[in-house]
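Beneath this line is the structure, given in structure tokens, with notes to follow.
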Number of protein chains: 4
Amino acid sequence: MMADHAKVQRLLKTARGQLDGILKMVEEDRYCIDISTQVMATEALLKRVNQEILAAHLEHCVKHAASEADRQQKIDEFVDTLGRILR
Amino acid sequence: MMADHAKVQRLLKTARGQLDGILKMVEEDRYCIDISTQVMATEALLKRVNQEILAAHLEHCVKHAASEADRQQKIDEFVDTLGRILR
Amino acid sequence: MMADHAKVQRLLKTARGQLDGILKMVEEDRYCIDISTQVMATEALLKRVNQEILAAHLEHCVKHAASEADRQQKIDEFVDTLGRILR
Amino acid sequence: MMADHAKVQRLLKTARGQLDGILKMVEEDRYCIDISTQVMATEALLKRVNQEILAAHLEHCVKHAASEADRQQKIDEFVDTLGRILR
């Protein structure tokens with residue numbers, strides 16, 4: 001993975017901590033909308049993680065491909081991922 | 001929270017476990033696209049959690065509101081959440 | 001439909017005008033990213049239309065349901081729509 | 001734009017026709033959820049248009065860049081678009 005490992009790990013650990021917090025909110029039977037708000041905040045964090053990873057894939061794997069065939073494969077994989085994002 | 005606590009907790013714990021797995025993939029410097037795929041799988045899980053929570057909010061908090069004023073407040077809160085989802 | 005008809009029609013006509021503009025950009029063989037930006041702007045408009053419609057559905061159809069059975073049906077239909085949005 | 005013009009134009013014209021249909025539904029004061037369903041169908045079409053355009057940008061503009069500097073610019077523009085999609 002070509003993205004900044006420290007940054008990605010920090011975002012993932014923050015997301016994991018938020019899930020612990022949400023589990024606690026469910027246990028405490030907190031209000032639905034408050035829990036939903038936290039779930040969406042964690043989703044937003046994961047989107048940032050995905051942005052870091054996919055941007056680095058383009059910057060490194062696609063840009064510095066070993067060959068044209070390698071570049072094509074890296075682009076094909078990215079286009080497939082983009083399809084799932086845009087679905 | 002009016003949603004099925006056990007179901008929501010199970011989904012959240014699965015998502016948490018996936019984040020542990022993704023952190024391990026980053027540590028092992030796995031391929032970008034494979035990690036991105038796992039991040040999006042976790043996002044999909046969180047969307048399911050949100051669906052459970054918001055559906056139960058409508059079924060219980062809105063449907064069985066204590067008064068018309070209470071119902072209006074519950075609807076207003078939901079509409080605000082819907083705005084953030086559709087943004 | 002309980003949403004403000006004039007507002008929804010205005011937003012839809014703006015979106016339709018944007019599609020005409022995008023068709024022209026394609027004809028003029030304009031740059032991919034510029035066209036993509038316009039397509040996403042039109043998507044954002046349609047999300048605002050959907051927000052108006054669904055908020056009014058809650059405010060009127062759910063809140064002023066003729067009976068509890070009617071309210072349940074209106075809520076079921078909304079929950080189904082929410083599921084498609086969150087997918 | 002490097003995407004298949006005919007395909008993109010066909011998708012855009014279908015979306016435009018759907019907007020005409022939705023405007024008619026509003027005029028006829030059709031049911032909220034039915035109109036919302038059509039709006040989301042048109043959104044899905046626009047996502048397909050965006051997928052065609054962005055995939056072709058990668059396949060052509062990025063892959064067949066005139067120089068490394070040109071490739072970097074094309075990648076930067078794509079990463080910016082990806083950020084808006086993932087927001």
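Keep in mind it's a predicted model, so treat the numbers as computed, not measured. Chain naming here is simple, since letters A, B, ... match the order of the sequence lines and numbering starts at 1 in each.
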Could you look at [X] and say if it's the side chain, the backbone, both or neither that has a heavy atom under 4.5 Å from chain A?
X     : value
B:R30 : backbone
B:E27 : both
B:L46 : both
B:V26 : both

What distance do [X] atom [atom1] and [Y] atom [atom2] have between them, rounded to the nearest 0.5 Å?
X     : Y     : atom1 : atom2 : value
A:I53 : B:S36 : CD1   : OG    : 6.0 Å
B:Y31 : A:M2  : OH    : CE    : 10.5 Å
B:K47 : A:M40 : NZ    : CE    : 9.5 Å
A:M1  : B:I22 : CE    : CD1   : 11.0 Å
B:I35 : A:N50 : CD1   : CG    : 10.5 Å

Notebook entry, point to check: Is there a side-chain contact between A:R16 and B:L23 (heavy atoms, below 4.5 Å)?
Noted result: yes
Notebook entry, point to check: Can you name the residues of residues 5-12 of chain A that have some heavy atom under 4.5 Å away from a heavy atom in chain B?
Noted result: A:H5, A:V8, A:Q9, A:L12
Checklist line | Selection from A:M25, A:E28, A:E77 maximising heavy-atom pairs under 4.5 Å formed with chain B | finding: A:E77
Note to self: Please identify, among A:T37, A:V49, A:L45, A:D80, the residue contributing the most non-hydrogen atom pairs under 4.5 Å to chain B.
What the structure shows: A:T37
Item checked: Nearest heavy-atom neighbours spanning A:C32 and B:H57 -> SG-ND1, 3.7 Å
Next item on the list: Determine the option with the most heavy-atom pairs under 4.5 angstrom with chain A, choosing from B:L54, B:I33, B:T81.
Entry: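 Looking at each option in turn, the highest pair count goes to B:I33.
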